[in-house]
There are 2 protein chains.
Amino acid sequence: MTRACQAKISDIATQISCLQCSINTICFPSGLDLDIRDELYNILNHPPPLERGDLLFRTGATMKGIYAVRSGAIKTYITDENGQEQVTGYYLPGELLGLGAIHNGRHFQNAEALESSYLCMIPVNDINRLSKSHPQIQEQLIHLLSKQLQNHHKMVWHLGLKNATSRVAALLLNCSERCHARGFSASEIKLNLSRQDIASHLGLAVETVSRIFGQLKKENVITFKGRQIDILDFDTLNQHVGTKMATTEKIPRI
Amino acid sequence: MTRACQAKISDIATQISCLQCSINTICFPSGLDLDIRDELYNILNHPPPLERGDLLFRTGATMKGIYAVRSGAIKTYITDENGQEQVTGYYLPGELLGLGAIHNGRHFQNAEALESSYLCMIPVNDINRLSKSHPQIQEQLIHLLSKQLQNHHKMVWHLGLKNATSRVAALLLNCSERCHARGFSASEIKLNLSRQDIASHLGLAVETVSRIFGQLKKENVITFKGRQIDILDFDTLNQHVGTKMATTEKIPRI
DNA sequence: CGCATCCTTGACGAAGGTCAACATTCGTGG
DNA sequence: CCACGAATGTTGACCTTCGTCAAGGATGCG
């Protein structure tokens with residue numbers, strides 16, 4: 001499954017700068033002394049580029065540091081005792097992965113590149129060392145962890161939806177929202193998960209996913225060619241999920 | 001829905017001491033000066049006890065602090081535009097809730113007591129103030145956030161299982177594991193979610209949950225009376241989920 | 001060009017949702 | 001303490017949705 005990690009990163013369309021990267025508040029927190037910013041920049045580690053199918057880490061592996069996707073895409077999955085994969089998440093440029101391993105130093109799932117991918121990594125030792133002298137770094141980390149936790153709450157919500165179309169709609173909107181948050185198009189998304197990956201993530205059969213995609217296309221809700229998806233009708237997708245996604249900013253009702 | 005928050009906490013069986021509480025590493029980190037421990041103890045806030053049905057916080061509400069369940073049980077849920085509840089999680093004694101709101105100061109979901117419940121609360125301002133002088137507090141918070149993130153990865157995995165029995169089995173094992181981690185019995189669990197709550201959480205119909213419970217009882221995998229459940233056969237439940245749950249400590253494969 | 005992988009489509013059957021009736025539990029007030 | 005009603009849980013019959021199996025296309029890579 002794993003191949004040599006020698007990649008030609010051809011697809012720079014999905015590459016982002018540190019400005020859009022969600023890790024940049026760690027790398028370059030505002031208000032820090034210049035020497036610390038330099039130091040942070042120096043410890044920022046660039047692992048070898050990954051090609052499609054390369055593993056970034058495995059279940060049980062020792063955590064080396066926090067990864068940020070710079071370009072490409074990563075999926076995480078669990079493998080059960082029969083060798084069946086179950087996709088638990090996907091990570092787009094600017095997003096962090098591996099945070100769940102901080103507390104015990106071991107990864108809980110496998111992480112695999114969906115396409116040629118560049119990553120940044122902050123070694124865990126350096127974080128610990130630097131954060132002793134600079135509490136701001138920890139503050140930022142808490143912020144990021146909390147945000148990711150909230151994203152997972154959303155995911156739990158979406159996976160609890162009762163029918164297949166709703167779950168697919170939720171996935172599409174979630175992907176759209178995350179792309180948009182990173183400065184990409186909200187409507188033209190490239191979700192590099194295979195139909196099998198999507199099915200596995202949502203607890204569906206591949207054929208069901210394929211049929212739902214076909215159905216949504218027929219109803220002019222989306223168009224797609226392979227894994228390039230264009231959302232035409234956000235309202236209909238939102239109706240399937242049952243509520244607007246932008247609940248984060250909802251006005252308190254009392 | 002909400003009633004007056006005047007509770008007689010009669011069920012002290014599920015009450016735990018600070019020793020088993022997952023917040024205690026924040027409240028009383030080892031190696032801290034005595035005066036700081038005193039200060040931490042003083043800022044620890046005890047909100048009025050909740051009765052079944054009382055809301056702890058609502059979607060969109062300003063986050064006041066981090067809550068820890070001391071006794072009782074709390075569920076979190078999202079309400080869609082049709083007023084339909086969808087349960088996104090439940091919290092047992094010793095567990096924290098509200099961590100997902102740290103990054104933006106607003107709660108994303110509703111939290112409601114499933115039974116008479118005591119909580120502890122650390123006001124967010126005090127955490128911020130104290131952690132400036134005591135980085136250990138932040139370290140602990142990062143640890144706890146990471147752990148909860150990993151729990152959510154598990155939940156995403158469980159909700160992606162393809163059939164109803166697997167998802168119910170995963171819920172039971174998850175509850176059992178969490179009870180056990182707090183020093184309660186792993187086999188005799190009191191899951192105070194209604195069948196409707198369980199169904200909503202797992203994306204099933206109430207009747208399906210009821211039938212699966214009945215089926216598992218007939219197969220001598222569990223027994224139950226109302227919401228008091230005894231697990232008789234962990235192996236069968238694990239087989240339904242497809243893998244051992246105790247993957248956290250799994251040996252790395254390379 | 002040819003093979004492998006991924007995706008789509010159809011036919012069929014099984015799993016689970018819906019509707020309805022009934023049972024049980026729990027809280028309330030007499 | 002009992003009686004009543006509301007809320008919760010269970011069971012059965014039926015029907016929809018989704019999974020399975022099988023075949024055929026599309027796409028990409030060597």
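Letters A, B, ... are given to chains in the order of the sequence lines, protein chains preceding strands, and every chain is numbered from 1.
Using a distance-only test at 3.5 Å, with no hydrogens or angles considered, no donor-acceptor pair links the side chain of A/H107 to the main chain of A/A61. Remark: the backbone N or O of B/S187 is not paired with any side-chain donor or acceptor of B/S176 at under 3.5 angstrom. In this structure, B/S166 contributes its side chain and B/H240 its backbone to a donor-acceptor pair below 3.5 Å.
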Point to revise | Base-contact (B) and sugar-phosphate-only (S) positions in nucleotides 16-26 of chain C, heavy-atom cut-off under 4.0 Å, - elsewhere | key: SSBBB----S-
Revision key, fill the gap. In B/S/- notation (B base, S sugar-phosphate only, - none; protein heavy atoms under 4.0 Å), nucleotides 4-9 of chain D written 5' to 3' is ----SS
Review point. Between A/F184 and A/I189, does a side chain to side chain contact (heavy atoms under 4.5 Å, CB included) hold up when you go through it step by step?
Key: CA-CA 8 Å; A/F184 301 117; A/I189 59 185; over 6 Å; no
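Contact annotation: the side chain of A/H158 never approaches that of A/L171 to less than 4.5 Å [non-hydrogen atoms, C-beta and beyond]. In this structure, B/L232 and B/V221 have side chains that are not in contact, with every pair of non-hydrogen atoms separated by 4.5 Å or more.
If you measure from atom CD of B/Q215 to atom P of C/dA15, you get 11 Å, rounded to the nearest angstrom. Atom P of nucleotide C/dC6 and atom CG of A/L191 are separated by 15 Å, given to the nearest angstrom. Straight-line distance from the NE2 atom of B/H240 to the P atom of C/dA15: 13 Å, rounded to whole Å. For the pair A/D197 CG and C/dC7 P, the computed distance is 8 Å after rounding to whole Å. In this structure, A/N192 places its CG atom 14 Å from C1' of D/dT27, rounding to the nearest Å. One atom, NZ of A/K217, and another, C1' of C/dT9, lie 13 Å apart when rounded to the nearest Å.
Figure legend: cation-pi geometry between A/R227 and A/Y90 absent, as NZ or CZ is not positioned both under 6.0 Å from the six-membered ring centre and within 45° of its axis. A cation-pi arrangement, defined by a distance under 6.0 Å to the six-membered ring centre and an angle within 45 degrees of its axis, is absent between B/K64 and B/F57.
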